[in-house]
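Contents: one structure, followed by commentary.
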Amino acid sequence: MQKDKNLVLRVEDIHKSYGTEKILKGISFEIKKGETKVIIGPSGSGKSTLLRCINQLTIPDKGRVWLEDEEVTHDKKDINRFRQKMGMVFQDFNLFDHLTALKNVKIGLLKVKKMNKKEAKERAMEELKRVGLEKQANLYPAQLSGGQKQRVSIARALAMDPKVMLFDEPTSALDPELIGEVLEVIKKLALSGMTMVVVTHEMGFARSVANEVIFIEGGKIIDQGTPYKIFTNPDHERTRQFLRKITELYGKSEE
Amino acid sequence: MNENLALIYQSLPYLLKGCTITIGLVGGALGLGFVIGIPMAVGQVYGSKYVSGLISLYVWFFRGLPVLVLLFLFYFGLFSLLGLNLSAFTSAILVLGLRSAAYQSQIFRGSIQSLGEGQMLAARSLGMKKSEAILYIILPQALRISIPGWSNEYAILLKDSAITYAIGVMEILTRANFIATRTYKPMPIFLTCAVIFIILTYGGVKILDLLENKVRIPGYGERRSEI
């Protein structure tokens with residue numbers, strides 16, 4: 001289906017309604033290997049639904065998704081294979097509460113990848129180290145701070161060797177002083193060449209990390225372009241308004 | 001020696017034998033209820049409309065009738081109608097177990113539904129099948145939460161087991177009644193019977209308390225002294 005070998009993810013004309021309410025009205029974008037796309041937009045604009053339509057946690061009414069040269073939306077039975085390759089990080093972490101940090105990272109390796117125990121443990125420790133939490137390996141989620149929980153959840157997703165990482169407002173549920181440590185981890189990940197789609201309100205992060213910023217409102221892409229373009233000279237007045245409001249709210253963050 | 005005490009002393013081995021029958025009955029019924037109750041709870045939460053409707057019907061039936069009516073209905077009615085030649089003991093395990101399944105399924109269902117939706121989402125996002133997510137993520141958490149409710153079910157079932165007296169299961173009460181009618185001394189015998197039941201109830205609840213503490217997830221649900 002695709003010619004461009006560097007294409008990791010392609011989303012084509014995604015529609016989704018709940019009842020009579022149309023959440024997504026035809027969203028398409030592509031993302032190349034190593035790119036970071038940041039999706040911004042007011043709440044209720046369908047950003048989270050869009051991410052969930054990508055890994056089919058929500059089944060879109062219409063539209064297709066490709067991961068590399070395979071169609072994700074092609075066959076429902078195959079979806080578990082694709083989901084492994086699309087790491088997802090949730091706003092409220094969703095760590096498995098009955099498992100230690102280490103076991104949270106390990107469980108996908110053991111039960112989905114069917115790795116043996118020793119290998120899985122080593123790999124999980126490696127990922128915890130990558131997010132700076134090897135010392136917390138044996139603590140349970142309830143014993144971790146919000147920032148630590150989110151870093152464990154990032155490690156859990158990374159352990160599966162995803163082709164693309166989907167971040168759904170990864171810092172929105174965090175205390176302000178804990179946001180930095182999580183953004184730091186995500187930034188490092190971007191620099192290491194991970195392909196990522198990030199839904200966020202952190203404009204400083206968008207500015208410094210994104211290859212492209214997509215502004216969504218009312219289930220449609222209103223504006224998209226480089227951070228420079230979006231933040232200085234967006235095509236639409238609405239984008240400018242939104243950014244002004246966000247900046248008022250969060251203050252002008254790091255450049 | 002006081003003659004009442006002598007009577008209790010003499011009857012004790014006979015009553016304790018009934019005690020093992022009661023324990024077998026309650027253990028069997030709880031076990032059967034557990035084995036059926038778990039898939040019922042899972043089916044009710046994650047199953048199709050029809051599956052969950054069917055389970056609701058089952059629960060409605062077994063919760064809607066007095067246990068004695070169920071016992072008579074199955075032991076004298078259904079089981080003989082089906083040509084099953086079951087002993088009173090086996091019948092009692094089946095009836096109490098099927099009934100307990102209805103109650104246990106609702107304990108487990110409540111626990112499953114009290115977990116956030118995010119647990120399932122996170123599990124599925126890792127590529128787990130729904131069944132794997134239920135087995136490895138949902139049930140281990142839901143079962144922990146269920147222990148207090150389950151402990152209640154144990155206590156209720158234990159006491160309900162005495163009603164199998166009515167179909168002649170040789171449990172504690174049936175035996176106590178035998179002795180009482182033979183000796184015309186109901187008081188000491190039924191008191192002994194009561195003490196045995198109290199010990200069994202609190203012993204079992206205590207064991208489940210210990211289990212609850214043992215499997216508690218660190219940082220969660222620790223007992224609070226304030227408020």
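Each chain gets a letter, A, B and so on, in the order its sequence line appears, and its residues count up from 1. What you see is a predicted model; the values in this text were computed from it and never measured. In what follows, every heavy atom counts, from backbone to side chain, and hydrogens, waters and symmetry copies are set aside.
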By residue number, those in residues 103-121 of chain A with heavy atoms under 4.5 Å from heavy atoms of chain B are A/Ile107, A/Gly108, A/Lys111, A/Val112, A/Lys114
Run the side chain to side chain contact (heavy atoms under 4.5 Å, CB included) test on B/Trp150 and B/Leu30 for me, step by step, so that the C-alpha distance in whole Å, both residues' side-chain angles and the decisive distance to 0.1 Å come before the verdict.
CA-CA 9 Å; B/Trp150 207 77; B/Leu30 271 178; 4.1 Å; yes
So, A/Glu134 and A/Lys129, do they make that salt bridge, N to O below 4.0 Å?
no
A/Asp161/A/Arg123 ion pair, N-O < 4.0 Å
yes
Side-chain (B/Ser151) to main-chain (B/Ile147) donor-acceptor, under 3.5 angstrom
no
Hey, does the side chain of A/Lys37 reach the backbone of A/Glu30 with a donor-acceptor pair shorter than 3.5 angstrom?
yes
Does B/Tyr202 OH have over 12 foreign heavy atoms under 6.0 Å away?
no
Chain B contact via A/Leu95 - side chain, backbone, both or neither, heavy atoms under 4.5 Å
backbone
For B/Leu70 and B/Phe61, the nearest pair of non-hydrogen atoms, with its separation, is CD2-CE2, 3.9 Å
Would A/Arg156 pass as a cation-pi partner of A/Phe96, given that its NZ or CZ must be under 6.0 Å from the six-membered ring centre and within 45 degrees of the axis?
yes
Heavy-atom pairs under 4.5 Å with chain A: which of B/Ala122, B/Gly127, B/Ala123, B/Gly116 has the most?
B/Gly127
Within residues 46-56 of chain A, residues adjacent to chain B where the heavy-atom gap is under 4.5 Å
A/Arg52, A/Asn55
Please name the residue in the list A/Val198, A/Leu178, A/Ile179 that meets the side-chain contact (heavy atoms from CB on, under 4.5 Å) test with A/Thr171.
A/Ile179
I'd like to know whether B/Phe62 forms a ring pair (Phe, Tyr, Trp, His ring centres under 6.0 Å) with B/Tyr103, so could you lay out the CA-CA distance, the side-chain angles of the two residues, the decisive distance to 0.1 Å, and finally the verdict.
CA-CA 8 Å; B/Phe62 279 96; B/Tyr103 286 99; 9.4 Å; no
Select, from B/Glu132, B/Arg124, B/Arg144, the one with the greatest count of heavy-atom pairs under 4.5 Å involving chain A.
B/Arg124
A/Lys62 vs A/Asp13, test: salt bridge (charged side-chain N to carboxylate O under 4.0 Å, His left out). Steps then yes/no.
CA-CA 7 Å; A/Lys62 196 184 145 202; A/Asp13 198 28; 3.3 Å; yes
